[in-house]
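If you're wondering where the values come from, they're calculated on a predicted model, not measured in any experiment.
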Amino acid sequence: MLFPLLFVLGCADVALENDALTQSGKPAPQDAESAVFDLGKVPVITLEFSVAEWNKLLTNYDLNPKNEKKVLSRFTYAVSGRTTVLDSIGLKLKGNTSRRRPEGDTGQLHDGFNPDWHHFHMSLDFSKYRDAQRFKGLNKIVLKWFKDDPTYAREIYCYDLFRRFGCWQAPRASYCRVNIRVGDETPAYYGVYVLLESVDEDYIRNRAVSWTPAIGYLWKGGYADSFNANFVQTESMGVEQVELNPALSQYYAYDLKTREDEVAAAKVELTQFITDLNTKTGADFQNWISQKMDIPLFLKTYAVNVMVGMWDDYWVNANNFYFYMAPNGKAYFIPYDYDNTLGTSQLMNNSGTQNPLNWGSTNSRPLVNKILAIPAYRTMYQNYITQLAFLGNDYFTVNKSMARIQGWHNMIGGFVSNDTGEDMVIADQPAYWGNQPNYRLLSGNSQGGANGPANFFTSKVLSIPW
């Protein structure tokens with residue numbers, strides 16, 4: 001049974017705002033959701049479940065932790081004295097290695113007397129139970145806990161930097177507080193979360209001024225079995241099917257997220273792109289890639305990507321990105337999943353001192369390596385790195401970066417302690433499992449971890465060899 005009928009209290013009008021032009025001269029899209037992703041505010045999101053629906057979430061996890069099944073929830077969003085309530089939305093668990101059971105251990109149902117709450121990532125679908133229902137123009141949002149990030153800042157910082165630097169295709173992110181209520185019990189306070197824009201059809205429509213309003217083929221790149229999204233292999237493409245029975249589930253390195261009933265045509269288009277990427281050479285390749293991609297936008301995005309130390313990305317790990325084949329004939333690289341950055345790293349010796357021109361694989365990442373092999377594009381990329389590091393710009397420089405992070409800490413510091421008992425304090429440290437535990441964001445020397453605690457921003461700027 002659904003909750004009572006939808007009602008909305010005090011919904012503020014959402015103003016449109018214009019971002020700067022992209023380097024290629026095209027206008028960046030109007031952002032109709034700026035009121036949601038406001039880094040100056042910490043809204044409160046309350047999610048209410050019947051006991052039956054909450055238990056369904058738990059038992060589905062036990063059947064298959066990777067399941068994509070959604071359960072019914074009531075959604076309340078409160079900020080600046082205004083409240084929005086949506087009585088019926090869908091909620092599912094999110095995450096790959098970070099996916100968790102929201103309460104208790106395997107086989108346990110909800111304990112109303114002594115609940116064992118756990119932080120977990122989740123995706124909210126506003127139209128799951130009511131067609132065309134939206135929250136301030138959004139069909140979906142993602143809520144992420146600050147897994148392995150005691151600074152409560154890494155993912156927020158990275159998405160903010162993308163936007164500051166004109167990478168308009170990057171998702172937006174801000175802070176929020178999350179409450180979970182099961183049945184008629186007092187809500188459990190889950191603490192401060194990342195409020196993240198979902199990359200979906202509405203995300204595409206909200207950027208229509210830059211790549212046409214029609215929906216093209218959106219792919220998510222990652223791992224599946226022995227394949228990854230390296231833009232070399234073309235064997236692992238399709239629409240993921242994640243069932244409660246893991247044996248019946250299907251996964252693909254290139255996972256189609258839009259127009260799923262046209263998967264055959266989508267595979268033909270992506271296969272042709274990958275074939276041309278790998279076979280064209282010289283002037284023929286340069287002419288082709290300049291027509292197929294917004295190269296300045298791609299290189300700006302990768303300059304940010306490398307400066308923040310994103311090691312679980314396409315260039316290094318062929319992972320964690322979206323690739324959008326727009327109806328205008330161009331393909332767009334969309335960055336995603338930036339919690340393990342700014343000194344938290346693996347798969348390379350030291351993300352703070354690694355040369356930005358030698359970031360990842362040199363053999364099997366043609367989307368980067370073949371583009372940077374063109375002198376003009378290599379120079380463009382180097383110039384973007386220089387712009388990010390320039391002291392006069394409010395991008396990556398240490399003092400301005402530290403001031404932004406400290407301001408966020410001042411804003412959220414009183415809200416971090418929570419009913420899960422997890423992640424209860426803000427601490428200036430990387431993840432415990434990273435290979436460079438000495439990195440700091442608000443203190444440290446400039447020696448890249450070689451001699452005591454090192455500041456990631458100053459160390460990274462000094463890694464630029466030009």
Side-chain angles (χ1 to χ4, degrees), residues 49 52-73 89-109 118-125 127-129 139-145 147 196 198-201 203 217-271 274 312 314 317-325 334 336-337 339:
F49 304 83
E53 289 295 303
W54 183 255
N55 282 337
K56 185 189 299 183
L57 189 69
L58 301 179
T59 54
N60 285 348
Y61 178 90
D62 293 344
L63 291 170
N64 182 3
K66 294 182 179 181
N67 83 86
E68 297 285 301
K69 302 299 181 182
K70 297 173 183 175
V71 300
L72 176 66
S73 175
I89 72 164
L91 180 145
K92 70 175 182 178
L93 304 180
K94 287 279 289 182
N96 292 319
T97 59
S98 60
R99 193 170 297 211
R100 301 178 84 200
R101 201 177 197 269
E103 181 193 352
D105 295 324
T106 301
Q108 296 178 345
L109 298 179
H118 304 153
H119 279 146
F120 66 104
H121 301 323
M122 67 196 91
S123 175
L124 311 185
D125 182 346
S127 63
K128 170 64 177 177
Y129 298 103
N139 181 34
K140 298 175 183 177
I141 58 173
V142 175
L143 302 179
K144 296 183 68 175
W145 62 290
K147 181 182 184 297
L196 178 62
S198 179
V199 181
D200 56 16
E201 291 191 1
Y203 158 94
Y217 298 123
L218 175 68
W219 297 91
K220 187 175 183 181
Y223 275 83
D225 299 322
S226 59
F227 296 104
N228 59 25
N230 56 13
F231 285 100
V232 177
Q233 67 87 13
T234 59
E235 293 92 336
S236 183
M237 298 179 184
V239 178
E240 284 191 353
Q241 300 293 331
V242 186
E243 305 296 338
L244 291 177
N245 182 348
L248 300 178
S249 297
Q250 293 180 298
Y251 302 94
Y252 299 94
Y254 308 99
D255 176 23
L256 183 63
K257 295 297 186 181
T258 57
R259 296 169 62 177
E260 297 176 1
D261 58 341
E262 301 174 31
V263 63
K267 289 168 67 174
V268 168
E269 183 183 45
L270 182 57
T271 298
I274 293 173
D312 195 15
Y314 166 73
N317 206 24
N319 192 31
N320 282 331
F321 65 91
Y322 286 86
F323 200 67
Y324 179 50
M325 313 289 286
I334 301 168
Y336 196 73
D337 205 2
D339 46 359

In terms of side-chain geometry, is the basic nitrogen of Glu53 or Lys69 positioned less than 4.0 Å from the acidic oxygen of its partner? no
Regarding Asn60 and Asn67, do their side chains bring together a donor and an acceptor under 3.5 Å, going by distance alone? no
Distance-minimising heavy-atom pair for Tyr254 and Val232: OH-N, 4.0 Å
Between Ser98 (side chain only) and Gly95 (backbone N and O only), is there a donor and an acceptor less than 3.5 Å apart? no
Do the two ring centres, one from Phe323 and one from Phe231, sit under 6.0 Å apart? yes
According to side-chain hydrogen bond (donor to acceptor under 3.5 Å, both in side chains), who are the partners of Tyr322, at least two apart in sequence or on a separate chain? none
Would you say the side-chain atoms of Gln233 pair up with the backbone N or O of Ser236, donor to acceptor, closer than 3.5 Å? yes
Between Asn228 and Gly222 (side chain of the first, backbone of the second, donor and acceptor by atom type, cut-off under 3.5 Å), is there such a pair? no
Please tell me whether Tyr314 and Phe321 form a close aromatic pair, meaning their ring centres lie under 6.0 Å apart. yes
Are any side-chain N or O atoms of Ser73 and backbone N or O atoms of Leu91, one a donor and one an acceptor, separated by less than 3.5 Å? no
Is Arg100 reaching over with its side chain to a backbone N or O of Pro102, donor-acceptor style, under 3.5 angstrom? no
Would you kindly check if the NZ (Lys) or CZ (Arg) of Lys257 is within the cone defined by 45 degrees around the ring axis of Tyr217 and under 6.0 Å from the six-membered ring centre? no
Would you name the heavy atoms of Tyr252 and Val239 that are closest together and state the gap between them? CE1-O, 3.4 Å
Among all residues two or more places apart in sequence or in another chain, which pass the side-chain contact (heavy atoms from CB on, under 4.5 Å) test with Lys128? Lys70, Asp125
Decide, yes or no, whether a salt bridge links Asp337 with Lys94 under the criterion of side-chain N to carboxylate O below 4.0 Å. no
